[in-house]
Amino acid sequence: MNSFKQLGLNEPIIKAIDDMGFENPSEIQQKAIPSLLSEDTDMVALAQTGTGKTAAFGFPLLQKINADNRETQGLILSPTRELCLQIASELKLYSKYIPKINVVAIYGGASIEEQARSVKKGAQIIVATPGRMQDMIRRNFVNISNIEFCVLDEADEMLNMGFYEDITSILSHTPETKNTWLFSATMPNEVAKIARQFMHKPLEITIGTRNQASNSIRHEFYMVNGRHRYEALKRLADANPDIFSVVFCRTKKDTQSVAEKLIEDGYNAAALHGDLSQNQRDLVMKAFRAKQIQMLIATDVAARGIDVDDITHVIHYQLPDEIETYTHRSGRTGRAGKSGVSMVIIPKSEVKKIKAIEKIIQQPFELKKLPSGIEICEIQLYHLANNIKNVTVNQAIEDYLPAINDVLQGVDREELIKKMVAVEFNRFFNYYKNSKDLNSSEGKDSNSNNDEVRFFINVGERDGYDWKTLKDFLKATLDLGKDDIFKVDVKNSFSFFNTEAENTDLVMNTFNDFQMDGRFINVEISSKQEGKERNRKGQREKNRDSKSKKRNGKSRSAEKQSPKGKREQKTSQAFEKAFNKRKRRK
């Protein structure tokens, strides 16, 4: 099939499709639309984000709805407000030439009473987020007891967001005779459970293989030390001058921090996370769709429902906790038949996750090197030359040319070109001229270089620390970021940690005459030989302590504070001391 006319759609819908400029149906549309039109059936359809799923269920739904009946006949559940509004908007475009069809969007962050009034006027189709739909049902604002069609769009994302109970509760208010159409990018156990519980012998359609990523997306990963992650992000942005991207972080705090740094460094960036008000989120998304923002820094939850076709890159500043979420992230690019790139910035310790993702998406990753500073300068220079060549000249400039010619009098053509491109080239050259290689070595010790210093500190397990609590103490005491303290190695009575060489004076000055609980905390620059000797000494001490505990039995150990309690107490005291010391210095 090579056109929508062959799918069995009615003339009003075909006319609307022509108005929107659609020519050929996507694969999911070719497979789903004829079946949904010709049969009264349940359906499970697996296809990646951006493959045209909204039209795949939207066209058959509109054709089967009785426009003369004002009762609610179709319910569409979607995970986010943004996706809910987008589906409703698209259905209104599809039904442009179908009189009396009314589509109402129901979502949080807007007046529930106003939405209830819209439904009461007659809404054959309701598009809703699960949480707000639950509220509408509880208040008796909607009646879905007679619906004929229920669509679960992005079902896996709804369940990932914790909507399982809401969905099952909503479906319990619908008739068993309805047709349920479930559309999802992946098929985790929770989605399969919904299908078994609420669907009867569903027709299954899979585009590609289950959980497979879109073939239009190229997958790359860049191996860097964790503390160089932000610099790596900037290089990727600078090496792709026309970038229009979503950058994913794990937490709201990291999302806000990265966005603020990028803005401070002159990039068109903004944050999108759950701490923003609905109005702030709307403004950010409006600016992003208008391409006033080139880099949208987002959490997984906040980014769900983003549907922008022209995203060129998805950058994983941090990989998600759930590996399956990678499929949803990367699906934000390579949409509507266009190609895209999914880039992962990753420390060597997490490379095994790449192999796990490859098995899920059934596509290979390419290990790539971050470009050097001079390579970025070259890219930017050629980009500038192309922009100059292709720019459309505004004829209004003619009025200013005589004055400009006077200013540039005596400058020949070659010199003028040099000066013109130097304006942009100098900016990047000055920034990158002394830049170092950020790529992690694939050798045995990827973190060893002359820009790091290893320190010895005379606290350890005996003082209630493990690597995490000691790292937290050092970060707070030195007022450094989480990636600035690394390779923390805790022994019985002492420990080691690394930081950048540029922080050496800060470390030594901070711990000069530093006391905690009346005890001096000693920090020294460690040599390899000292480290080996102390490691051996620490092991001997640990063995002696272990033997002593066995001889003394359980009764003596029971008198002592638990290791967890001791660690918490020591950490609390260390934080208090550290902050008081910083306060005194200020």
Side-chain angles (χ1 to χ4, degrees), residues 26-61 64 73-80 83-84 87 125-131 133-134 137 144-145 147-214 304-305 322-325 327-328 331 360-362:
S26 67
E27 189 176 358
I28 184 65
Q29 292 163 3
Q30 290 178 28
K31 290 185 176 181
I33 291 173
S35 297
L36 294 178
L37 287 176
S38 62
E39 303 177 47
D40 289 327
T41 182
D42 290 346
M43 175 179 284
V44 173
L46 299 180
Q48 287 306 302
T49 303
T51 53
K53 293 196 292 291
T54 303
F57 64 74
F59 293 158
L61 180 62
K64 288 194 165 190
Q73 301 162 54
L75 171 65
I76 302 170
L77 294 178
S78 67
T80 65
L83 186 56
C84 174
I87 293 171
I125 300 173
I126 292 176
V127 188
T129 55
M133 192 64 192
Q134 275 280 71
I137 292 171
I144 55 174
S145 61
I147 65 169
E148 298 176 38
F149 309 98
C150 181
V151 181
L152 304 178
D153 189 30
E154 303 287 3
D156 49 355
E157 292 205 25
M158 284 195 287
L159 296 172
N160 285 339
M161 294 172 71
F163 286 131
Y164 177 81
E165 292 183 359
D166 286 335
I167 291 171
T168 55
S169 175
I170 292 167
L171 291 178
S172 70
H173 290 86
T174 62
E176 291 186 7
T177 55
K178 70 182 179 303
N179 290 147
T180 302
W181 304 340
L182 187 153
F183 285 76
S184 185
T186 61
M187 191 67 166
N189 292 333
E190 292 85 353
V191 174
K193 187 177 178 181
I194 289 281
R196 289 193 302 269
Q197 187 174 353
F198 293 99
M199 304 176 78
H200 179 67
K201 295 181 180 179
L203 176 65
E204 292 192 15
I205 292 176
T206 302
I207 304 303
T209 58
R210 288 192 175 193
N211 302 336
Q212 185 178 19
S214 170
R304 284 170 178 153
E322 298 293 332
I323 292 176
E324 290 78 6
T325 303
T327 306
H328 290 287
I360 289 175
I361 67 173
Q362 299 182 30

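We number each residue from 1, following the sequence as shown.
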If you measure from [atom1] on [X] to [atom2] on [Y], what distance do you get to the nearest 0.5 Å?
X	Y	atom1	atom2	value
Met199	Leu171	CE	CG	10.0 Å
Ile137	Thr174	CD1	OG1	9.0 Å
Thr41	Met43	OG1	CE	6.5 Å
Leu83	Thr129	CG	OG1	10.5 Å
Thr206	Glu27	OG1	CD	10.5 Å
Ile76	Cys150	CD1	SG	9.0 Å

How close do [X] and [Y] get, heavy atom to heavy atom, and via which atoms?
X	Y	answer
Ala128	Met133	CB-SD, 3.8 Å
Ala56	Ile33	O-CG1, 3.6 Å
Met158	Pro130	SD-CG, 3.7 Å
Leu37	Pro60	CD2-CA, 3.7 Å
Lys53	Ala47	NZ-O, 3.2 Å
Leu61	Gly74	CD1-CA, 4.5 Å

- Message: Under the ring pair (Phe, Tyr, Trp, His ring centres under 6.0 Å) test against Trp181, which residue among Phe149, Phe59, Phe57 passes?
- Response: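 It is Phe149, the one option of Phe149, Phe59, Phe57 that forms the ring pair (Phe, Tyr, Trp, His ring centres under 6.0 Å) with Trp181.
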- Given Ile167 and Ile194, is the side-chain contact (heavy atoms from CB on, under 4.5 Å) satisfied, shown in steps? CA-CA 9 Å; Ile167 291 171; Ile194 289 281; 4.1 Å; yes
Test item: [X] and [Y] side chains (from C-beta on) under 4.5 Å apart, heavy atoms:
X	Y	result
Gln73	Glu148	yes
Val44	Ile205	no
Ile147	Pro175	yes
Ile170	Leu77	yes
Val151	Leu75	no
Ile207	Leu46	no
Ser145	His173	no
His328	Asp156	yes

- Item | Lys64 vs Asp40, salt bridge (charged side-chain N to carboxylate O under 4.0 Å, His left out): CA-CA, chis, key distance, verdict | CA-CA 10 Å; Lys64 288 194 165 190; Asp40 289 327; 3.3 Å; yes
- Is atom CD of Gln197 surrounded by more than 12 heavy atoms (other residues, nucleotides or ligands) closer than 6.0 Å?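 It does: Gln197 CD has more than 12 such atoms within range.
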- Message: Donor-acceptor check, side chain of Gln134 to backbone of Gly131, threshold 3.5 angstrom: yes or no?
- Response: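 No; judged by distance alone, with no hydrogens or angles, the pair does not exist.
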- Any donor and acceptor pair, going by atom type alone, linking the side chain of Ser169 with main-chain N or O of Glu165 inside 3.5 Å?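 It does not hold such a pair.
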- Message: For the residue pair Ser184 / Glu154, report whether a side-chain donor-acceptor contact shorter than 3.5 Å exists.
- Response: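 Ser184 and Glu154 do not have a side-chain donor-acceptor pair below 3.5 Å.
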- Query: Does a donor on one side chain sit under 3.5 Å from an acceptor on the other, for Asp153 and Ser78?
  - Reply: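 Distance-only check fails for Asp153 and Ser78.
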- Task: Just do the side-chain contact (heavy atoms from CB on, under 4.5 Å) check on Tyr164 and Lys193 with the steps written out, would you?
- Result: CA-CA 10 Å; Tyr164 177 81; Lys193 187 177 178 181; 3.1 Å; yes
